[in-house]
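The sequence lines fix the lettering, A, B, ..., with proteins before strands; numbering per chain opens at 1.
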There are 2 protein chains.
Amino acid sequence: MITVNALSEVAALMGDPARAAMLSLLMDGRAHTASDLALTAGITAQTASGHLSRMVEGNLLAARAQGRNRFYRLASSDVAHAIESLMALAGTRATPASRTAAWRRDPDLRFCRTCYDHLAGQVGIAVTDSLTQHGYLEPKGPRDWKLTEPGELFCERLGVDLPGARQASSRHFARQCLDWSERRPHISGALGAAIADTFFKRGWAERLRRSRTVRLTDSGRRALGSHFGATV
Amino acid sequence: MITVNALSEVAALMGDPARAAMLSLLMDGRAHTASDLALTAGITAQTASGHLSRMVEGNLLAARAQGRNRFYRLASSDVAHAIESLMALAGTRATPASRTAAWRRDPDLRFCRTCYDHLAGQVGIAVTDSLTQHGYLEPKGPRDWKLTEPGELFCERLGVDLPGARQASSRHFARQCLDWSERRPHISGALGAAIADTFFKRGWAERLRRSRTVRLTDSGRRALGSHFGATV
DNA sequence: TCAATGGTTCGGCAGAGGCCGAACCATTAG
DNA sequence: CTAATGGTTCGGCCTCTGCCGAACCATTGA
């Protein structure tokens with residue numbers, strides 16, 4: 001059956017430690033240069049080049065040339081979600097003896113990280129919960145959210161680029177994304193990305209280099225309290 | 001980082017063609033003997049034994065001895081969902097040139113199949129849609145459903161074993177599961193499994209050997225019309 | 001007790017593929 | 001033009017692991 005082969009092929013692509021390290025870095029949703037990815041994976045540039053072209057061939061990554069550099073990013077959010085689901089599985093792999101799941105061992109990552117291009121972890125959940133509890137966001141269908149009229153006002157007041165988010169017409173606007181550490185949905189899609197952008201632009205959060213981990217700044221912690229009525 | 005290794009390890013387990021073939025068979029939610037799995041994968045028993053113990057070690061499978069036989073099944077529905085998400089990815093891997101996704105090439109599988117232990121494909125979606133449109137099922141939270149009072153009556157009339165489904169207390173009762181061919185949610189969890197059981201027990205559907213494909217019988221087609229008001 | 005059947009362990013073989021050094025191409029800066 | 005930098009291709013090495021034959025263990029049935 002053709003799907004069996006396809007399954008093993010795509011899984012095998014993710015199943016190499018060096019490629020998994022690259023994919024993990026790319027889970028921050030940004031594009032990275034080939035040498036950057038090689039450094040992260042701890043391999044030479046020529047080895048990385050082989051891995052990268054194989055992942056492009058397998059439709060996991062997309063490549064874009066810019067000057068002397070070549071930038072690689074995840075091919076789609078579907079890829080990101082498949083990786084998240086595997087990570088969720090890996091996180092629960094703990095035996096009954098040592099109950100501590102893998103992600104528990106990195107509290108910073110659990111606290112706040114990027115999931116592709118939006119916020120995840122405790123902070124992502126806190127933001128999402130605040131939006132739903134204030135009636136700014138309502139569940140719509142099984143995997144989407146509806147931004148209510150008060151929600152639009154709130155976002156505008158916050159400085160979220162709503163027109164920009166709506167412009168990406170091919171993309172889901174407000175999507176539910178399962179958080180693998182909190183095991184509950186957080187806001188993703190174009191709106192989720194726009195909200196995350198706001199956090200970065202206003203200095204509420206900072207990306208850590210070579211990691212999906214995000215640091216919540218002091219002003220970010222205050223903003224969570226004043227704007228969202230949440231404490232983390 | 002520990003999560004990176006965990007990711008590559010679990011992906012590598014799924015990334016071998018023989019193991020992927022076994023996992024694919026086990027996606028029917030049932031337990032299969034070691035020799036059965038070996039036959040499916042097209043390898044000898046001793047080779048299969050090695051694969052199986054590695055997958056048990058990696059918490060993908062659970063094993064149960066019974067007499068001379070040894071039965072293997074997926075360790076949890078999380079495993080099934082991770083595999084589904086990879087299959088969804090593999091299905092969209094088609095190049096722009098040949099746009100037909102992989103699952104399109106198996107219309108029977110797309111029409112009706114088991115997803116772990118419940119019905120999926122067009123039939124699964126038809127059942128789910130019917131239940132929601134009649135007000136028997138209401139979305140509850142992002143990933144669950146609520147069975148309404150009329151819904152309970154309907155299920156009892158149908159012969160669904162509701163007490164049995166409720167007994168599995170550790171399990172989600174009515175869960176939303178994303179259908180990778182229809183790209184919409186169908187009913188899973190204990191209730192989804194109980195409904196699927198009803199279909200098999202009443203002779204409305206039959207499992208095909210060595211496959212997740214399910215055949216809808218003539219009486220099943222009529223039942224869909226009379227009980228669910230649906231045509232497929 | 002003895003065969004038959006299902007399953008696992010062991011040992012050795014062979015192929016796949018990850019890795020790097022070296023060479024090569026492309027773009028930018030001086 | 002030349003040098004520097006980023007990236008890829010090529011060739012060969014080497015490990016990893018999937019595979020099977022053979023032997024072994026466990027359960028069942030006669």
Side-chain angles (χ1 to χ4, degrees), chain A residues 4-26 30-58 60-75 209-210, chain B residues 4-26 30-58 60-75 209-210:
Chain A
V4 172
N5 285 328
L7 168 64
S8 73
E9 277 167 25
V10 68
L13 274 178
M14 298 178 178
D16 175 78
R19 286 195 293 265
M22 297 183 187
L23 289 170
S24 192
L25 175 60
L26 291 167
R30 291 185 288 186
H32 294 261
T33 62
S35 30
D36 202 2
L37 290 161
L39 194 65
T40 301
I43 51 179
T44 59
Q46 59 269 35
T47 304
S49 178
H51 284 310
L52 290 168
S53 53
R54 284 188 58 182
M55 289 195 282
V56 169
E57 176 68 20
L60 291 187
L61 302 186
R64 173 173 50 90
Q66 187 174 309
R68 266 191 303 221
N69 295 308
R70 216 155 164 220
F71 286 88
Y72 291 88
R73 60 173 175 79
L74 296 187
R209 277 170 309 169
R210 309 200 172 291
Chain B
V4 171
N5 284 329
L7 169 64
S8 73
E9 278 167 25
V10 68
L13 273 179
M14 299 178 178
D16 175 79
R19 286 194 293 264
M22 296 185 189
L23 289 171
S24 193
L25 175 60
L26 291 167
R30 290 184 290 184
H32 294 261
T33 62
S35 31
D36 201 3
L37 291 161
L39 194 66
T40 302
I43 52 180
T44 60
Q46 59 269 36
T47 304
S49 178
H51 284 311
L52 290 168
S53 52
R54 284 187 59 180
M55 289 195 281
V56 169
E57 176 67 21
L60 290 187
L61 301 186
R64 173 173 53 89
Q66 187 175 310
R68 267 192 301 226
N69 294 307
R70 222 164 155 208
F71 286 88
Y72 291 88
R73 61 174 174 78
L74 296 187
R209 276 172 310 171
R210 310 201 171 288

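- Rounded to whole Å, the distance from OH on Tyr72(B) to C1' on dG7(C) is 8 Å.
- Atom pair His32(B):NE2 and dG6(C):P shows a separation of 17 Å (rounding to whole Å applied).
- From His32(A), atom NE2 reaches atom CG of Asn69(A) across 13.0 Å, with rounding to the nearest 0.5 Å.
- For the pair Leu52(B) CG and dT9(C) C1', the interatomic distance rounds to 14 Å; values are reported in whole Å.
- Taken from CG in Asp16(B) to CZ in Arg54(B), the straight-line distance is 8.0 Å, to the nearest 0.5 Å.
- When the P atom of dT8(D) is taken as reference, atom CG of Leu37(A) falls 10 Å away, rounded to whole Å.
- The line from CD of Gln46(A) to NE2 of His51(A) is 11.0 Å long, rounded to the nearest 0.5 Å.
- One interatomic measurement links the two molecules: CZ of Arg70(A) to C1' of dT5(D), which rounds to 16 Å at whole-angstrom precision.
- Considering CE of Met22(B) and CG of Leu61(B), their distance stands at 9.0 Å, rounded to 0.5 Å.
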Where do N or O atoms of nucleotides 20-30 of chain C meet protein N or O atoms at under 3.5 Å, pair by pair?
residue	atom	partner	partner atom	Å
dC20(C)	OP2	Thr44(A)	N	3.1
dC20(C)	OP2	Thr44(A)	OG1	3.0
dC20(C)	OP2	Thr47(A)	OG1	3.0
dG21(C)	N7	Gln46(A)	NE2	2.5

Restricting both atoms to N or O, compile the protein contacts to nucleotides 13-16 of chain C shorter than 3.5 Å, with distance only.
none

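- For the OP1/OP2 pair of dG7(C) and a distance below 4.0 Å, the side-chain nitrogens and oxygens of Ser35(B) include at least one atom meeting the criterion.
- To the nearest 0.5 Å, the span separating OG on Ser49(A) from CZ on Arg70(A) amounts to 8.0 Å.
- In this model, the phosphate group of dG17(C) is not approached by any side-chain N or O of His51(A) to a distance below 4.0 Å at OP1 or OP2.
- Here Thr47(B) pairs with Thr44(B) under the side-chain hydrogen bond (donor to acceptor under 3.5 Å, both in side chains) rule; sequence neighbours left out.
- Asp16(A) has its CG atom 11 Å from the P atom of dT17(D), to the nearest Å.
- When every heavy atom of Ala21(B) is checked against every heavy atom of Ala41(B), the shortest pair comes out as CB-CA, 4.1 Å.
- When atom types are taken as modelled, the side chain of Arg19(B) and the backbone of Ala12(B) share a donor-acceptor pair closer than 3.5 angstrom.
- Of the options Leu25(B), Leu37(B), Leu60(B), Asp36(B), a side-chain contact (heavy atoms from CB on, under 4.5 Å) to Tyr72(B) is made by Leu37(B) and by none of the others.
- In this entry the distance linking CZ of Arg54(B) with P of dT8(C) reads 15 Å, nearest Å.
- Atom CD in Glu57(A) sits roughly 14 Å away from atom P in dT8(D) (whole-Å rounding).
- Residue contacts shown for Thr33(A) are limited to sugar-phosphate atoms, with no base heavy atom under 4.0 Å away.
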